[in-house]
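Worksheet: one structure, shown below.
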Amino acid sequence: MPLKEIASFNVKHLSILDENGQWDEDLDPKLSDDDLIKLYRAMVKGREADQRMLKMQRQGRLGTFPPTTGHEAVICGATFATRDDDWLVGSYREMPGRLMRGEPLERTLHYYNGREEGSALSAAHHLMPIQVILGSQLPHAVGMAYAMRYKGEQGRAVVCFFGDGASSQGDFHEALNFASVWQAPVVFVCQNNQWAISVPLACQTRSQTIAQKAIAYQIPCIQVDGNDALATYKATKDALDRARSGGGPTLIEMVTYRLIMHTTADDPSKYRSADEEKTWWDKDPIPRLFHHLKKIGVWDDQKQALLEEDVKNEVNQAVKNFESEVDFKPDAPFDHVFETPSAALEEQRALFLSNLRDSNNA
Amino acid sequence: MPLKEIASFNVKHLSILDENGQWDEDLDPKLSDDDLIKLYRAMVKGREADQRMLKMQRQGRLGTFPPTTGHEAVICGATFATRDDDWLVGSYREMPGRLMRGEPLERTLHYYNGREEGSALSAAHHLMPIQVILGSQLPHAVGMAYAMRYKGEQGRAVVCFFGDGASSQGDFHEALNFASVWQAPVVFVCQNNQWAISVPLACQTRSQTIAQKAIAYQIPCIQVDGNDALATYKATKDALDRARSGGGPTLIEMVTYRLIMHTTADDPSKYRSADEEKTWWDKDPIPRLFHHLKKIGVWDDQKQALLEEDVKNEVNQAVKNFESEVDFKPDAPFDHVFETPSAALEEQRALFLSNLRDSNNA
Amino acid sequence: MPKLNMVQAINLALRQEMAKDKNVLVLGEDVGKDGGVFRVTDGLLDQFGSARVIDTPLAESAIMGAAFGMSILGLRPVAEIQFSGFAFLILPQLEGNASRIRARSQGTMSAPMVVRMPYGGGVRALEHHSESREATFAHLPGVKVVIPSGPRNARALLVAAIRDPDPVVFMEPKHIYRAFKQEVPEAEEVGIIGQAEVVKPGEDITIISWGAMLRPTLKAVEALEAKRAARVEVIDLLTMSPIDARTITESVKKTGRCVIVQEAPKTLSMSSEIIALINDKALLYLEAPVKRVTHFDVITPYFGRENLFLPNPDQIEAALIETLDF
Amino acid sequence: MPKLNMVQAINLALRQEMAKDKNVLVLGEDVGKDGGVFRVTDGLLDQFGSARVIDTPLAESAIMGAAFGMSILGLRPVAEIQFSGFAFLILPQLEGNASRIRARSQGTMSAPMVVRMPYGGGVRALEHHSESREATFAHLPGVKVVIPSGPRNARALLVAAIRDPDPVVFMEPKHIYRAFKQEVPEAEEVGIIGQAEVVKPGEDITIISWGAMLRPTLKAVEALEAKRAARVEVIDLLTMSPIDARTITESVKKTGRCVIVQEAPKTLSMSSEIIALINDKALLYLEAPVKRVTHFDVITPYFGRENLFLPNPDQIEAALIETLDF
Ligand SMILES: Cc1ncc(C[n+]2csc(CCOP(=O)(O)OP(=O)(O)O)c2C)c(N)n1
Ligand SMILES: Cc1ncc(C[n+]2csc(CCOP(=O)(O)OP(=O)(O)O)c2C)c(N)n1
Ligand SMILES: [Mg+2]
Ligand SMILES: [Mg+2]
């Protein structure tokens, strides 16, 4: 009777293609060559867009934004595992995944240029708009997953991204518990980049893994090498398969690293060493996949050169489109408080427009 | 390399004295006869007070309150393991523990008669006032534990009670994480009575145990038979010893049952069966300890009769005191918004008092 | 017409809307088997099943956040917060997401959801069960806030709230949940959110109240009119936000005098806002300062002192007289 | 006297109070090694160590709740919320516990703590980083709410807040964190919470503002006074709650005219409360309706439209003229 073990749990780690090019063929998700190239392309395009945005920000052509450099395997691998009618519910560090879904880069640029117009197309691509409040999107994902099942949309699911820091929020806990109790078709993907601005993971939680937090809810979990696009894809795919077939939620921890600053307003040298960053540059997910694709013969330097050219052109075009779109309705905020503006709002709009005329005349 | 186990965890269950009188002498905390009697007495007194309050409530002499019948082993066992200078941070279902700390029953009666005066003595007994917002007290306990250590009060600790329902709140998660990261000297005691008003545990969480929620924070945990006062005492004592010596927090799940209604406003027959209740009456913690004490020779029917008499008298006296204390300052709320009432508040107080005179004259 | 109390009337609204539109569902703590701690959702679980009447785990932020997620995909969730005293837990989700999704998405997404919550004093309840914090919600752009004053308008306004394309906070004055009955037609009635009601016309003074305060207000008016020739115009505010400025200013322009009665503390309350509105639109018509009868700016006392702090008909009558005689 | 910007001045207050009283400690996200995202707590970790300058996990409710627990045992925690946009997460703890513990315990317990938070627009920040929600906090009994308008009063008022026996929400207008410097004495200065400042006396009209709005207000006043003979009395509110009714009413009684300038939306805002206060205490002195220059009741737009929506000196001057000429 007395002191007996009544439950036991474990956490597994998945890695398929490591930083030294070691590859586990048994675990490999066996994507077609086309698919592998699509996935790789998305990562390269994400990186290009990110670096371009950095330049624009430095030139004052964009506001503050959180770069995604280093996160490409997490985001693109996971997104690649979704279907276009699965909803993606992210935070603010999923730009390459948004592009994969077909949301034009222009939108992201508008968003970081301080325009709500940046999120006007999100829903059409089954993307929730960028979420700034950490952890806040997790309960949304659960409600959306519930709604899909409720409406009989069998086989659809939700993938929800968040950071290691966000895992400390109450909403994380409440959402995972709801998802578990409801057995909602939702996959939680923690982009564990080991930093929340200046706060290292060890100050965020004393737990060995983020994955094990799923044990609190009797939810399946796995930790994945987040710089291994084959592993992030496979883990997400497996979890989605389970979700689609009524098996409920999964928590996937993807261990990666934010290779540069938190946002363009941040200076990482205040809180972490160049050495640490260097170690992680050596694990950069993009070269890792590049070498693998070459090794298995689906890629070569010439294709790479073409791809880089291509992706540059696409990003250039998006920047051009973005910068030529300048016609914004100044009083749009009055349109979107309620479906139908109240009388008081219309009165305020009139005042706003008359102020505007005054200052244009001044 | 690939899919490897990286962490494993288990949950243990502690039971020392079971409902059939089986007793594990090895695990027994070996309390002195005196202590055993003290602990038993506290449980009997708690039950008596609870039953008396029920009658008073039915007679309209008390407002709505949440009874503690069935919870005595959890509350008294855990409280008995504390020292008088440990802080107890509870919710609203710990009345017998408050009495053990010396807070007069009169205070509880005032509280449930709608008077803030009911909490005026709590601090002196190192008790936080009754907490109504579920889960809200957990972060307080962590901050208090931090403060104790910060002030160099070595060896002091905090015990924090909450219900199974409260474990779903975001504050539970945030507090356990803070406690873990800070390695704060705090023991979290979940009174898992398997119901949150009408919501059974299975709708509250799909996890096998509440205890395993500690794994999310790398905190030691244990599940305990909450109707076994020896086990609740021992688990709390062990956790407190660890906390006092710098070993950080513990989560203890104590499985018990609310034998009667949630509050006097609740009707459990709406949502659960009499059969289920009957099963748990058979595990009533008080007869269980009674028979054990008799068996080991520290108790007999004559002592029991005296104790019952005694406890009745004490409760009677408290009720008398309570009912004779009728002099409440009507405008006290103005005294306690700020340490020094603002000018506006004094103006409002004057209006309040003049209203009061008017209505007294009317 | 059947006579219903407010609990039954709200139940009727839920039942009919759920029967009519399968996108409407109910979620919250104890709303299922228990039928809600006030029995407002009684019988819904049996009629509509557990996928539409959801006993949730005990976590208000997730109730709000999940309901928001459902509404994004076209459901019309009606979330219950067991007591408004715990509704501060939903504010981050309400303010941060539900109120904003329309603006955030430039009108391409919306959150057609309702949050119901019993609020206010008068039922000898525990701490946190007696506050009136409508102002906190009404301060938020993008959120509509409705407070019925009786069974009939409770039913009609809840139907309107459920059909509203925007998030509505529906605050139910629990003091009058069972205090009286009214005839409530079985046939559909849909209220108009944003419209106050002139409950009784008058020329000499305007009195504005809402929720449970309407009854003591009417009592005071009756007592006053029995004594004096003055005709009082009584306005039931019904919607806190967006507020019906027109009904208020038209009345005050006519009467030149105004009293406001509220259960909430004074500072930064609805009465402050109404006075500001009168300042903005009708100041020159005022023949006396607007007078307020309110709770005080104290921590809401426990029920032992509750009645001393809530406005009563005598105080309201005195305020009317003072303002008339100013 | 050294010239400091507001960031440096607040840092000075923290540094000196921590040096003086070891019960004072600082906690929040990124307040340690990073020195805060605005560098307000820069250098404190090095000087006072990690037990007193605590980089917490990312959870605002626990920051608030744990700080409350610390304060109960006599510490004087200064919690930082990284942006006021996330401060709705602390409301349940603030309203439910910190504001009430004195009342709940009949004065035998208290929560002497400060919550600092940068707020307001003007720095081209992301969504949720530009709101002004002082009214939400000022509506809560038991909570003091302070907003400085420059380095010197920021320092003095923060010192006062830290020493205050009650919970204080200290809202820092981040637009002017580095916008200008003032002489701030190294020697202790302690502000008085609950006291507005007459920044400039005048006889013809009163203008009230706070936080970052003081500077455009002064600009407008200067422009006006250059053109017209009118003398404007300028009040810097400084404390939102408890509000300094005396300074406001005395001024309005003298001038008979009043303009209020705020960064917050209009409905249920501080300006509503000030108008209500004038109604209650000085209505008969008014020679014109109180005029407001405010943000609009919309979801705070992203920074692309921000400047169109914030009050500017021209609008303020126009409001002064309109009110003078009424
Ligand atoms: C609720 C909330 N609190 C604070 C912030 C400010 N903030 C923005 S990002 C950030 C760190 C987030 O870390 P993490 O979740 O690990 O995501 P990462 O940025 O590393 O991808 C903080 C504190 C916020 N956005 N939301
Ligand atoms: C935050 C919050 N939400 C809702 C309530 C209303 N309520 C009071 S008790 C209760 C159930 C609590 O269940 P549990 O935590 O298991 O404690 P128990 O009453 O069973 O001891 C609920 C929903 C509350 N007090 N606080
Ligand atoms: Mg991170
Ligand atoms: Mg329970």
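Atom set for the values below is all heavy atoms of this structure, side chains included, hydrogens, waters and symmetry mates excluded. Chain letters run A, B, ... following the sequence lines, proteins first and then strands; every chain starts at 1.
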- Item | Residue selection (most heavy-atom pairs with chain A, distance under 4.5 Å) from B:Gln223, B:Lys213, B:Gln204 | B:Lys213

- Quick one: of A:Gly135, A:Cys203, A:Ala231, who has the most non-hydrogen atom pairs under 4.5 Å with chain B? A:Cys203

- Message: For A:Phe290, does the six-membered ring have the charged nitrogen or CZ of A:Arg288 within the cation-pi criterion, i.e. under 6.0 angstrom from the centroid and within 45° of the normal?
- Response: no

- Report yes if the distance between the aromatic ring centroids of A:Tyr257 and A:Trp281 is under 6.0 Å, otherwise no. no

- Message: Below 30° counts as parallel, above 60° as perpendicular, anything between as tilted: where do the rings of B:Phe178 and B:Trp182 land?
- Response: perpendicular

- Message: Please classify the contact between B:Phe172 and chain A as side chain, backbone, both or neither, with a heavy-atom cut-off of under 4.5 Å.
- Response: side chain

- Message: Counting heavy-atom pairs under 4.5 Å with chain B, which one of A:Ala175, A:Ser8, A:Ala211 comes out on top?
- Response: A:Ser8

- Item | Under 4.5 Å from a heavy atom of chain A, the part of B:Ile222 involved | side chain

- Message: Between A:Thr256 and A:Asn193, is there a side-chain donor-acceptor contact under 3.5 Å, judged purely by atom types and distance?
- Response: no

- Decide salt bridge (Lys or Arg N to Asp or Glu O under 4.0 Å) for A:Lys12 and B:Glu5; before the verdict, give the C-alpha distance in whole Å, the side-chain angles of both, and the deciding distance to 0.1 Å. CA-CA 4 Å; A:Lys12 292 204 175 70; B:Glu5 187 176 308; 5.4 Å; no

- Looking at A:Ala214, A:Ala202, A:Gly170, which one has more heavy-atom pairs under 4.5 Å with chain B than the rest? A:Gly170

